[in-house]
Protein chains: 2
Amino acid sequence: MAVAARRKFRREGEERRRQDLIEATLDCVAENGLQGATVRAIALRAGVTAGLIRHYFPGKEELLQAAYATIMGRMTELAKTALATVEEEPRLRLAAFVGASLVPPVIDARTFSLWASFIGRAGSDPALGVAHRAGYLGFRDEVEALVAKVLADVGRKASEGELRRHAIAINAIIDGLWVEGCLAGDMFASGELAEIGIGSVEAMLGLSLRQGDVA
Amino acid sequence: MAVAARRKFRREGEERRRQDLIEATLDCVAENGLQGATVRAIALRAGVTAGLIRHYFPGKEELLQAAYATIMGRMTELAKTALATVEEEPRLRLAAFVGASLVPPVIDARTFSLWASFIGRAGSDPALGVAHRAGYLGFRDEVEALVAKVLADVGRKASEGELRRHAIAINAIIDGLWVEGCLAGDMFASGELAEIGIGSVEAMLGLSLRQGDVA
DNA sequence: GACGTTGTTATGCAAGTGTATAAATATTGC
DNA sequence: GCAATATTTATACACTTGCATAACAACGTC
């Protein structure tokens, strides 16, 4: 009788394994939604057996939470990168930020799929809703600060309410273009969304954000 | 021995039952995502037993497809209603359309939850992707037509490319504000999103859309 | 190089999944 | 009322799910 050989394996570092499991989870969710993220599918993709998951996480729920935290962190990280442009001049900074938010890697079908999969439950899961709100408000505050600097730079005064409205609107157009770019990127020429985004912000603020036009 | 009494039931019309099952499915999906839409949960909510589902649909997959088609149809229906304003004057029509898209019932947490739950799989499921694209393009074409009328009305010429960009941008800001309104409606005053949306479109087109300002 | 630790696999289990089938009853036409 | 029909329930089945447990083997330590 041929005894089934026990599978060979390597011991990876703890942090490495955790990350691998999280990444495998994200892959599963991105491809087939939360439904596709079964412990067996995740383990298969991570190259381990299902039982190992419970060695690193109390349960599947906690693994999903860790995965959600990871994708949220990655998204805010991308947003920060978009914000951290080298430009000094306020208008150029704002333009660079909007533009960077509308090209890869921020525009990314996988990220969008993950966002949608998780956010779909923001209505019923309070923790998700709170997390979204925090991320959104943080993002909007950054936009508002950028806009305030731009307006100050050109010598325009804006009330608190005006600033708020500008931030909401700019945020919305970035989000809207982001969704479309992620869902159907091939419908737009390369850089077209960034172009449209910057142009729209210019129109909304009533001033040019680009070098050539700067007085 | 007390024999378990067989459950009483009524025979409903075929179309009525189908609709009830679809509505129950949407309820389940909206509350707990596609995961929550098990045949038993759906049946429970519809007030029938699980087996009945297969009397009206070949399988669960087909029921989900019918539910998706329903929510998509309902969304385009809402969009059409927003378009079917009584206003005659092109600018007022555009403003009314934008405004109607940013208040209930278009702004609706349940609808958003359903949208997100299904659209999350648009990347992997080609049928979903195609459906979204068709809906989006139809919507955008309507916006483009509206904008064209507005510009013609004020005697401005716009190239095909300009029209396209305007439609994309207006669409994006509606979508972006819609998402935020659905996810965190309580963060905005009643009518604030509509106000911001219309104001942004005015800025983007460089003209007023409101009665008082019409020349 | 043997040994103990523990990361990892393998196996099992109870609950839940979609589906198939048969039994039962509500409804229709007479 | 009564039989015929097909909607609806009830039950069963094979499979998947997350989780528990025990056996195992890779690695550090002496």
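Residue numbering restarts at 1 for every chain, and letters A, B, ... go by the order of the sequence lines.
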(message) D/dA10, OP1 or OP2 - any side-chain N/O from B/T49 closer than 4.0 Å?
(response)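 Looking at the OP1 and OP2 atoms of D/dA10, neither is under 4.0 Å from any side-chain N or O of B/T49.
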
Just how far, in rounded Å, is [atom2] of [N] from [atom1] of [X]?
X: A/L44; N: D/dT17; atom1: CG; atom2: C1'; value: 15 Å
X: B/R10; N: D/dA6; atom1: CZ; atom2: C1'; value: 17 Å
X: A/R16; N: D/dC27; atom1: CZ; atom2: P; value: 13 Å
X: A/R11; N: D/dA25; atom1: CZ; atom2: C1'; value: 7 Å
X: B/E14; N: D/dA6; atom1: CD; atom2: C1'; value: 11 Å
X: A/I42; N: D/dG18; atom1: CD1; atom2: C1'; value: 11 Å

(message) Let me spell it out: for each of B/R7 and B/T38, pick the nucleotide of DNA chain C with the closest heavy atom. Which residue's pick is nearer the 5' end?
(response)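 Upstream on the strand: B/T38.
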
Base, sugar-phosphate or nothing for [X]? Non-hydrogen atoms, less than 4.0 Å.
X: B/A41; value: nothing
X: A/R40; value: base
X: A/E12; value: sugar-phosphate
X: A/R6; value: base

(request) Over 60° means perpendicular and under 30° means parallel, so classify the ring planes of A/W178 and A/W115, tilted if in between. (result)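 Perpendicular: the ring planes of A/W115 and A/W178 meet at over 60°.
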
(message) Would you call the rings of A/F139 and A/F97 parallel, tilted or perpendicular, taking 30° and 60° as the class edges?
(response)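 Judged by the thresholds at 30° and 60°, the geometry between A/F139 and A/F97 is tilted.
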
Ion pair check, [X] and [Y], cut-off under 4.0 Å:
X: A/R121; Y: B/E31; answer: no
X: A/R10; Y: A/E12; answer: yes
X: B/R164; Y: B/E160; answer: no

Quick one: does [X]'s side chain have a donor or acceptor within less than 3.5 Å of a partner on [Y]'s backbone?
X: B/E180; Y: B/L177; value: no
X: B/R140; Y: B/N171; value: no
X: A/E23; Y: A/D20; value: no
X: A/K149; Y: A/L94; value: no

(request) Check every nucleotide of DNA chain C for an atom under 4.0 Å from a heavy-atom of chain B, then give the first and the last such nucleotide from 5' to 3'. (result)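 The footprint of chain B covers C/dT17 to C/dT27.
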
(request) Taking only heavy atoms on the protein side, list every residue of residues 50-64 of chain A lying under 4.0 Å from any atom of DNA chain C, sorted numerically. (result)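 A/G51, A/L52, A/H55, A/Y56, in order of number.
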
